[in-house]
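To start, the structure itself, in structure tokens.
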Amino acid sequence: MTKPLILVTNDDGVHAPGLQALHDAVATLGEAVVVAPERDNSAVSHSITMNRPLRVVRLDEHIYTLDGTPTDCVTIALNKILDRRPALIVSGINPGANLGDDISYSGTVSAAIEGTMYDIPSLAFSLGGGQPFDFEVAAGVAWKLASMALAFKLPPGSLLNINVPPLTADKIHGIRFTCQGRRVYKDAIQETFDPGGRKHYWIGGGTVHWSGGSNTDEQAVRQGYISVTPIQLDVTNHSGLDYLEQRWKM
């Protein structure tokens, strides 16, 4: 019986320790093939490279890299590298959470979005906290959820965004199915000056303010739970559509 083919990718680069941990975890479930960017592509969102050709380099029997984005990696893998359709795509493990509005910027999540656009079950994994990152627990979570995705599939048109709290296994309270939270950064744009006195702006940091009600991804991780958020490709605001049809008389 042919083993299921699993595509493994990320946005941190082909040599990232989180990618290695994810590959090793899912390799026990099938034939795991890595196609990942040659360098860090954090916060590139769902961008694709259209202004130059892409170069693929084979590093090992089941490891490829290319000089592009996570989305590039998935689409090139599916159309040019892999010899058959994967049963599953996994992206990560990202060092740092992808919660709330962060998913709009995340290359980790965007790789899973691209897989979902091809109607392939896709999971994005992130580990909260900061350096030094220990991916052992998150890799175990990846194995469990990947095996469940292979067995039970996903809701149609959806991917899973999974965030693991930075805790030891005995301190994690369990898994919650969550909604996407909302976050606003205060004072996230810093002014700086170069030696010539010219002003520049640096985006990053600041104070985070969360909202979104109960059962959000941020709340779950903060309370010591693994957050599993189903994200759908259809981003239509259906209540907004009803509002426009009722109120905006054209």
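In what follows, every heavy atom counts, from backbone to side chain, and hydrogens, waters and symmetry copies are set aside.
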* Asked: For the side chain of N98 and the backbone of I103, is there at least one donor-acceptor N/O pair under 3.5 Å apart?
  -> no
* Asked: So, the side chain of T49 versus the backbone of G68: is there a donor-acceptor pair under 3.5 Å, distance only?
  -> no
* Structure fact -> When rounded to the nearest 0.5 Å, the distance separating CG of L159 from CG of L123 is 8.5 Å
* Test log, rule side-chain contact (heavy atoms from CB on, under 4.5 Å), inputs L66 and V35 -> CA-CA 8 Å; L66 63 87; V35 183; 4.3 Å; yes
* Looking at G128 and F133, what are the two nearest heavy atoms and their distance? -> O-CE2, 3.6 Å
* Going through the distances and angles, do F135 and V164 end up as a side-chain contact (heavy atoms from CB on, under 4.5 Å)? -> CA-CA 10 Å; F135 293 99; V164 181; over 6 Å; no
* What distance separates E114 CD from L233 CG, expressed to the nearest 0.5 Å? -> 10.0 Å
* Asked: Counting only heavy atoms not in F177, do more than 12 sit closer than 6.0 Å to its CZ atom?
  -> no
* Asked: Can you tell me if CG on N215 sees more than 12 non-hydrogen neighbours from other groups inside 6.0 Å?
  -> yes
* Asked: Is I89 reachable from V44 through a run of I, L, V, M, F, W or Y residues, each pair having side-chain heavy atoms under 4.5 Å apart?
  -> no
* Atom CZ of R85 with >12 non-hydrogen neighbours under 6.0 angstrom -> yes
* To do: Search all heavy atoms of R84 against all heavy atoms of L5 and return the closest pair with its distance.
  => O-CD2, 3.3 Å
* Asked: Same cluster for V33 and V8 if Ile/Leu/Val/Met/Phe/Trp/Tyr side chains link at under 4.5 Å?
  -> no
* Side-chain (S110) to main-chain (I113) donor-acceptor, under 3.5 angstrom -> no
* **Residue pairs involving residues 139-154 (criterion side-chain hydrogen bond (donor to acceptor under 3.5 Å, both in side chains); sequence neighbours excluded)** => T28-W143
* To do: Please answer whether the main-chain N or O of V109 pairs with a side-chain N or O of S106 as donor and acceptor at a distance below 3.5 Å.
  => yes
* Sequence neighbours left out, what pairs pass salt bridge (charged side-chain N to carboxylate O under 4.0 Å, His left out) with at least one residue falling in residues 54-66? => E38-R55
* Determine, stepwise, if the pair L127 / N94 fulfils side-chain contact (heavy atoms from CB on, under 4.5 Å). => CA-CA 6 Å; L127 173 61; N94 193 72; over 6 Å; no
* Verify same cluster id: L82, I6 (apolar side-chain graph, 4.5 Å) -> no
* Decide side chain to side chain donor-acceptor pair (under 3.5 Å) for T216 and T178; before the verdict, give the C-alpha distance in whole Å, the side-chain angles of both, and the deciding distance to 0.1 Å. => CA-CA 5 Å; T216 62; T178 59; over 6 Å; no
* Structure fact -> Residues S122 and A112: closest non-hydrogen pair is CB-O, 3.3 Å
* Calculate, to the nearest 0.5 Å, the distance between atoms CG and CD1 belonging to L19 and I93 respectively. => 9.0 Å
* To do: Could you tell me whether a side-chain N or O of S126 sits under 3.5 Å from a main-chain N or O of A97, the two making a donor and an acceptor?
  => no
* Taking only residues two or more places apart in sequence, or in another chain, which ones meet K199 in a side chain to side chain contact (heavy atoms under 4.5 Å, CB included)? -> E191, F193, Y201
* Any chance you could lay out the side chain to side chain donor-acceptor pair (under 3.5 Å) test for N163 and S227, step after step, and finish with the verdict? => CA-CA 5 Å; N163 284 273; S227 168; 5.0 Å; no
* **Over all atoms of both residues, closest heavy-atom pair of K3 and G30** => CB-CA, 4.1 Å
* Asked: Will you find, in the side chains of D101 and S104, an N or O donor that is under 3.5 Å from an N or O acceptor?
  -> no
* Atom pair CD1 (I162) and OG1 (T108), whose distance is rounded to the nearest 0.5 Å -> 11.5 Å
* Mind checking whether L145 and L150 sit in one hydrophobic cluster, side chains of I, L, V, M, F, W, Y counted as touching below 4.5 Å? -> yes
* Nearest heavy atoms of L22 and A142, plus distance in Å -> CD1-CB, 3.6 Å
* Pair I120-L88, side-chain contact (heavy atoms from CB on, under 4.5 Å): steps then yes or no -> CA-CA 6 Å; I120 298 171; L88 182 68; 5.7 Å; no
* Asked: Under 3.5 Å, is there a donor-acceptor pair between the D242 and Q246 side chains?
  -> no
* To do: Might you point out which heavy atoms bring A149 and L154 nearest each other, and give the distance in Å?
  => CB-CD2, 4.2 Å
* Taking atom types as modelled, is there a side-chain donor on N237 or S239 under 3.5 Å from an acceptor on the other? -> yes
* With sequence neighbours excluded, residues passing ring pair (Phe, Tyr, Trp, His ring centres under 6.0 Å) with H173 -> Y225
* Flag yes if M148 and I172 sit in one hydrophobic cluster, no otherwise; membership is Ile, Leu, Val, Met, Phe, Trp, Tyr, and two members link when side-chain heavy atoms are under 4.5 Å apart. => yes
* Should we say atom OH of Y105 is surrounded by more than 12 heavy atoms from elsewhere, each under 6.0 Å from it? -> no
* Before giving the answer on side chain to side chain donor-acceptor pair (under 3.5 Å), spell out for S91 and N10 the whole-Å C-alpha distance, their side-chain angles and the decisive distance to 0.1 Å. => CA-CA 5 Å; S91 179; N10 74 346; over 6 Å; no
* Pairwise distance CG(L78) to CG(L7) - rounded to 0.5 angstrom -> 6.0 Å
* Structure fact -> Quick note, salt bridge (charged side-chain N to carboxylate O under 4.0 Å, His left out) partners involving residues 10-20, not counting sequence neighbours, are none
* Asked: Within a reach of under 6.0 Å around CZ of R52, are more than 12 heavy atoms found that belong to other residues, nucleotides or ligands?
  -> yes
* Asked: Can you list every salt bridge (charged side-chain N to carboxylate O under 4.0 Å, His left out) pair that touches residues 221-231, not counting sequence neighbours?
  -> E218-R222
* Please round to the nearest 0.5 Å and tell me the distance separating atom OG1 of T229 and atom CG of L99. => 8.0 Å
* **Short side-chain to backbone donor-acceptor contact, T65 and V14, under 3.5 Å** => no
